[in-house]
Amino acid sequence: MAKANMVRILDGSTFVVSEDTGDIEATPSEPTGLFSFDTRFLSRWVLTVNGERLNALSYDDLQYYQARFFLVPGMPTHYVDAKLSIVRERTVGGSFHEQLIILNHDEKAVDLEIRMDAGADFADLFQVKDEILNKKGEIYAEAEADRLRLGYRRGNFRRETVISSSQAARYDRNGFAYSVHLEPNARWSTDIDVHTAVLGPASQDLRLDLRVPSHERPTLQRDLEEWIAAAPKVNAECEELARTYRRSLVDLAALRFSPLSLSGQMLPAAGLPWFMTMFGRDSILTCLQVIPFVPELSRTTLRLLGSLQGTRFDDFRDEDPGRILHELRSGETAAFEEQPHSPYYGSVDATPLFLVLLDEYERWTGDVALVRELEQECRAALKWIDNYADLVGNGYIWYERRNTDTGLENQCWKDSWDSISYRDGTLPPFPRATCEVQGYAYDAKVRAARMAREFWDDPAFADQLEREAAQLKERFNRDWWVEDGQYFALALDPDGRTADVLSSNIGHLLWSGIVDQDRAEKLAEHLVGPRLFSGWGVRTLAEGEARYNPIGYHNGTIWPFDNSFIAWGLRRYGFAEEAATIADGILSAATYFDGRLPEAFGGYNRELTKFPVEYPTACSPQAWSTGAPMLLLRTMLGIEPHGGHLAVEPRLPVGMGRIEVLDIPGRWGRVDAFARGRLNLHQLST
Amino acid sequence: MLDATTRFFEDLDRRGYEPLLTKLSGTLRFDLNEGPQTRHWLLRIDRGRIRVSQEAREADTIAATSPELFEDLAAGRENGMAALIRGDMTVIGDIRLVVQVERLFPSPPDSREPRRIFHREVY
């Protein structure tokens, strides 16, 4: 479990997690370190002055890529006597940079021995929570006159950390040291550069080919300012809402990264610290959430996912032709095929969601060129849905992993092993089909039909897709309805039996539009009813189900991202009040996390805990949690593209006061949306 | 009988057009190094149209590997992305070209299609 006082800074796929002193001493339970490209490049980074560890007075996260630590020697009780201050200011952005400043407050001169212990275990991101034993390659350390080189070599796989300093230092294999004489009230400083290298056999850095713009501090600062300036402004009477929006925008900037295969273009990574990599599902859903605010992320994501779409059958990677990837990593376990992430394709929702995102993106931006550019990928994705995903031959998307060793059992967003169950808590056999994925497939076909008719000049294909979508909707409403509960089952087993638990997935069905109009009201009642709704949000699994557990990862916790799509779905079917209830709950929860929503929090009743209980190992910031406030804003404001213009139909709860969103970009140029809270939400029983 | 490497490139040349490469243009040279000997395969890609030759001419992007590894890639026994991450295939130039051509390598020989169990007809 991550300690609350850990400090994290990041830029794309490089990040540093440390203690509040800035020190790094990695252990399996405290997986701190400097990470880049799925590898830990520093596992030890400990500063001492005259052999003494330092204590933190305070630290500031200045920017997402920058932090500053104020330290003193000695124990906390000696603060008042401190004659020395030590400031560590660090930045990530391509490499890791730390400025060390020492101030002597004494009236006497002092002689100091300043030392930094440095070490690297080069753990794969996948291994950092384990005791790292028996690394198959060789770890080496070389102290040179002006630098310390820490490295790892396994065949041609090489990773290196090179440490150098602006002030002359004495380097040894375990760190480096300075002897400093400081006059009264004098100041000493040094700049330490930690360069991480992904090396090829001829020692060239494989990432040099990335042509990533320089990530020096002024560039990062300018880039962030431009990013914020380009996004719409949100002015809100409710200050917390404005803060949450701003926090989301900055975190989203931090989570952008540039994968090896895209030559410097940016897309959202999934989240810090465990998912600083590309996920098909997470990237697509995040893009969908933020389209009204930063539509350009979608273009990059769609292009990249299209360029890595599956082309063959590969059991180890669960790859099929036309399938959109699940996860791409570049660490040691992927390199040596101990894990299948090169890339791994075991997800059944990324493929239909790829189509959904492309259509939604065009509706906002009018970027017809991209819809034409990706026609071939769309057709391959549709073919995958019909040919390779329908394992039972009854017109649904199913999953069963072929990589039974390291592949994923559950290939939907609730991907933990026990997330899909019958009412008695037992787990269904494979293949399995989950309900929300059928909704995505329906939506994908409806949207692909529009694209085929309007942009691909193929009306016959459009007719066929619409016919298939209509049949799917009819079939689904018949096969998945749980009569005695009046909702849709979570999943279907290969014998046609329903996993008939009540789950948050029914909200995604509303979003997709697959639900018959006369059944929507029942779903809306469930979603804000006492079994699913905690007062903060909708639980992944309803209270009363056998596997319900308020801190069960996918069996009772509340996921902000999940809730944002549920709210969108409710609004789509006209349940504005229910949507506002959920938006209000999640945005209230955000204020307890300084505007930064975690991946998940406990499903406890709001009345019981009074504050949202963070799920123990939740990722934060995480892309789709970061996107949730933006989608909730869209939902409450009722902003929707209609032909060439943007329609606004706000339904805000009274407590939200007045909100204005200025300069919403799109095919209309830039427009503003204004809203005032007028909805009196029912007091829901919690 | 031809080796998988030659077959891979000759097939590509014979097809002359590869839909998976329609978004790409550029020259890509594979250098298969073995001691002092290097075999070159040069791909000229113009929005999906391909010409293959065995020239040692300059190219926008050069991918280097051993002939054994390339043989395994061309036969589907090894995976190109993993080889890139491992450093067993190195690239100078635009890595996107290599990542896209990698997708043309065949399925692993022992791979199965998804297991289908047909219970009922779609109706």
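Below, read A as the first sequence line, B as the second, and so on, with proteins coming before strands; counting in each chain starts at 1. Source: prediction; values computed, not measured.
Within 6.0 Å of the CD atom in B:Gln54, the count of heavy atoms belonging to other residues, nucleotides or ligands exceeds 12. Remark: B:Glu58 CD is loosely packed, at most 12 non-hydrogen atoms of other residues, nucleotides or ligands lying under 6.0 Å away. In this structure, A:Asp405 places its CG atom where only 12 or fewer heavy-atom neighbours from other residues, nucleotides or ligands lie under 6.0 Å away. In the displayed structure, B:Arg51 atom CZ is contacted under 6.0 Å by at most 12 heavy atoms of other residues, nucleotides or ligands.
For a residue to count as touching a neighbouring chain, one of its non-hydrogen atoms must lie under 4.5 Å from one of that chain's; by this rule B:Thr22 touches chain A with the side chain only. For chain B, the nearby part of A:Arg317 is the side chain; its heavy atoms alone come within less than 4.5 Å. At a 4.5 Å heavy-atom cutoff, the contact between B:Gln100 and chain A is made by side-chain atoms alone. When heavy atoms are compared at a cutoff of 4.5 Å, A:Glu332 does not approach chain B at all. For A:Asp320, the part sitting under 4.5 Å from any heavy atom of chain B is the side chain, from C-beta outward, and nothing else. For B:Pro19, the parts sitting under 4.5 Å from any heavy atom of chain A are the backbone and the side chain alike. Interface remark: A:Phe430 contributes backbone atoms only to the contact with chain B (heavy atom separation under 4.5 Å).
Taking all atoms of both residues into account, the shortest heavy-atom contact from A:Gly331 to B:Ile85 is O-CG2, 4.0 Å. What you find for A:Ala334 and B:Ala82 is that their closest heavy atoms are O-CB, 4.0 Å. In terms of heavy atoms, A:Phe313 sits closest to B:Pro114 at CE2-CD, 3.5 Å. Closest approach of B:Arg86 and A:Ala335 over heavy atoms only: NH1-O, 2.9 Å. Shortest non-hydrogen contact noted between B:Met81 and A:Leu308 is CE-CD2, 4.3 Å.
In this structure, A:Gln309 and B:Arg103 have side chains that are in contact, with non-hydrogen atoms separated by less than 4.5 Å.
Salt bridge A:Glu375/B:Lys23: absent, no basic N to carboxylate O contact under 4.0 Å.
Separation of atoms CG (B:Asp110) and CZ (A:Phe316) is listed at 12.0 Å; rounding is to 0.5 Å.
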Output, in order, the C-alpha distance, side-chain angles, deciding distance and verdict of salt bridge (Lys or Arg N to Asp or Glu O under 4.0 Å) for B:Glu102 and A:Arg312.
CA-CA 11 Å; B:Glu102 190 278 331; A:Arg312 59 200 155 211; 2.9 Å; yes

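Interface check for chain B: of the options A:Arg402, A:Glu474, A:Glu377, the most heavy-atom pairs under 4.5 Å are formed by A:Arg402.
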